[in-house]
Number of protein chains: 2
Amino acid sequence: MSPILYALEHGKSKLSQMERKLAERILASPGEIVHMGITELAEQCGISPATITRFCKVLHFKGFPDFKVKLAAEIAHSDGSPEGSGSSYQDIVAGNPLSVIVEAMQANHLASIRDTTSLLDLERLQSAIDVLCRARRVDMYGMATSSIVAQDFYQKLIRIGVNCTAFADSHMQITSASSLQEGDVAFAVSYSGETPETIDALSCAAASGAATISLTSYGSSSLATLADIPLFSSSLEQGMRRGDMASRIAQLHIIDILFTGMVSTRFGDFIPKLEQSYLNVQHYRHKRGGQS
Amino acid sequence: MSPILYALEHGKSKLSQMERKLAERILASPGEIVHMGITELAEQCGISPATITRFCKVLHFKGFPDFKVKLAAEIAHSDGSPEGSGSSYQDIVAGNPLSVIVEAMQANHLASIRDTTSLLDLERLQSAIDVLCRARRVDMYGMATSSIVAQDFYQKLIRIGVNCTAFADSHMQITSASSLQEGDVAFAVSYSGETPETIDALSCAAASGAATISLTSYGSSSLATLADIPLFSSSLEQGMRRGDMASRIAQLHIIDILFTGMVSTRFGDFIPKLEQSYLNVQHYRHKRGGQS
DNA sequence: TCTATTCATGAAAATAATTTTCCTATATTA
DNA sequence: TAATATAGGAAAATTATTTTCATGAATAGA
């Protein structure tokens, strides 16, 4: 906790009634305070602006604006997660004020990325990258939210000239999987690891002789068991319906690592293609008279 | 370097003479700026206070004090964690060992989420949520990477029964935009804020009388200027082609906040629909013999 | 090349925010 | 109980910020 908030918390007992109201309001959501005027804050606390100015002077600030700037600087260091723990998932419920939602979401997403990174098995990740780099063709499978992740990887791979498909349609996924061969890669994404359509597609791909990679939430699941190289994103403890938001961020995080790993491995091959795809989009647009 | 300073540094060329003086003064010692009044800063730059206020507005801040608070928050992280984990953006180059890539990616993504959160304007976010909650119909626009983000929001909105479309085809986007009416919402996503197809679609939507929301990387852009409610994700300093990875994570972060805000606002309406959509997917699967 | 128009800019007016002053009510101590 | 100290608010004063308006420079069009 930042020095200012700490001082407020611990000095509370010494403060007078009105000052305490103020201190409590500030502690309740410091992030909001920095975007408030003195009048607004005064009203919310049921006190007068004069009291606030005096209070800031007591704390040795030059005034209220000075206090705000210093406070903003301090709370920026923290994650927004209460008690600075760094890794706690927050649940979000009805009627929460927006500031709480924002803080909770930040805490969740940061925790999710951290947890996912710390769970990574580098060797396994490297072998996934190697397999992908050598792939003649790559198939992506995923339904609903996971289809977004699959699409994202698809877009990236296309840009470096990897022969890749990512059908959203489960029948097409199966059809595509049937036509894979040895040397091809099937990459399946699923939050639960139990999505039947995705499992079917990956099974089919394995039967066709393709190497299989799964990306699921951490823990044992049918999809992970099935895959040659199972990769994991962190699973979220609270409120399952909420889980897929943080999980998707974590999965994209892994996708980014995979992609960057691929580019880094085959720099010479891939970077020129990446440049070219970028330039071509630019070029086409300029012809039409638009901008970047 | 923080997104604000980065935007200043890189947008300098687009600025006018006086604005450039100002930008240079801010870049010279951002830490001092946050403790200055607008008049003092104006004098030091040899310009008028009016120019400063205008400049802040161009950067989509509410005014000079708002700029100061956001800047204070940002420079707080950057000097807090020098060159390592924490909050500085890392570039990724050829032949980096995987462990370095992983660390850099984590640092980038964490920084991106933090920066984006600190740049958020809660009031603006709230008005976006309000507008979305009341919308008769919502149109999503976005090309390439941004289309992924648009699709993601689309999937979420559909699940809570919001009438929403997210065509990937730019002609369909325009067609759809033309049929919008007052009370509808158009939501455009673009990393650069200059994607012509997306700008066209949003302009068209505005002409049709729809409320317009943009989600772009931080800085002044055509799309942000066009929108009634411009929202921003943090922009990434290093290696331009790398920017869209972190930016996409940041944009999804904002999508999650918007969605959660909507659900929280209209808990009673939306939660049952969310439950129902979940149960229906389950039900359908069990009939076929699969699992969750 | 000249004119019209747009755009950048500063001066000053208007507005908004903050701080200070002054006053009252309450509590405290002799 | 009276004297005094003090917290706290109302309102005035001050200060900061924003807006408006006028001007001159630059650019585009004729």
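Below, chain A is the first sequence line, B the second, and so on; all start at residue 1.
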Could you tell me the separation between the CG atom of A:L22 and the P atom of C:dT18, rounded to a whole number of Å? 13 Å
Whole-Å gap separating P (D:dT17) and CZ (A:F64): 14 Å
Show the atom names and distances, to 0.1 Å, of all donor-acceptor pairs under 3.5 Å that link a side chain in residues 51-58 of chain B to residues at least two apart or in another chain.
unit_1, atom_1, unit_2, atom_2, d
B:T51, OG1, B:S48, OG, 3.2

Ranking C:dT18, D:dT19, C:dT9 by distance to the side chain of B:K57, first place goes to D:dT19
Roughly, in whole Å, what's the span from CD in A:E19 to P in D:dT6? 14 Å
What is the distance from CD1 of A:I52 to C1' of D:dA7, rounded to the nearest Å? 15 Å
Side chains of B:S233 and B:H253: any donor to acceptor distance under 3.5 Å? no
We want to know whether B:S221 and B:E194 form a side-chain donor-acceptor pair, criterion being a heavy-atom distance below 3.5 angstrom. no
Identify the two heavy atoms, one from B:D115 and one from B:S118, that lie closest to each other, and give their separation to 0.1 Å. O-OG, 3.0 Å
Could you please name the option among C:dT18, D:dG8, C:dT9 that lies closest to any side-chain atom of A:R54? D:dG8
In terms of side-chain heavy atoms of A:I47, which of D:dG9, D:dT18, D:dT17 is nearest? D:dG9
Would you say the side-chain atoms of B:R20 pair up with the backbone N or O of B:L15, donor to acceptor, closer than 3.5 Å? yes
Counting only side-chain heavy atoms from C-beta out, which of D:dA10, D:dT19, C:dT9 sits nearest to A:A50? D:dA10
note: B:Q17, atom CD; C:dC7, atom C1'; distance rounded to Å ~ 13 Å
Rounded to the Å, how far apart are B:E40 CD and D:dT17 C1'? 15 Å
Under 4.0 Å from OP1 or OP2 of C:dT19: is there any side-chain N or O of A:K62 that close? no
For the side chain of B:T53, counting heavy atoms from C-beta on, which of C:dG10, D:dG8, D:dT19 is nearest? D:dT19
Atom CE of B:M18 and atom P of D:dA26 are separated, to the nearest Å, by 11 Å
Listed nucleotide nearest any side-chain atom of B:T51, set C:dT9, C:dT18, D:dT17: C:dT9
Side chain of B:I38 - closest among C:dT19, D:dT19, D:dT18: D:dT18
Establish, with yes or no, whether the OP1 or OP2 oxygen of C:dC7 is under 4.0 angstrom from a side-chain nitrogen or oxygen of B:S16. no
Rounded distance in Å - CD (A:E43) to C1' (D:dA10): 14 Å
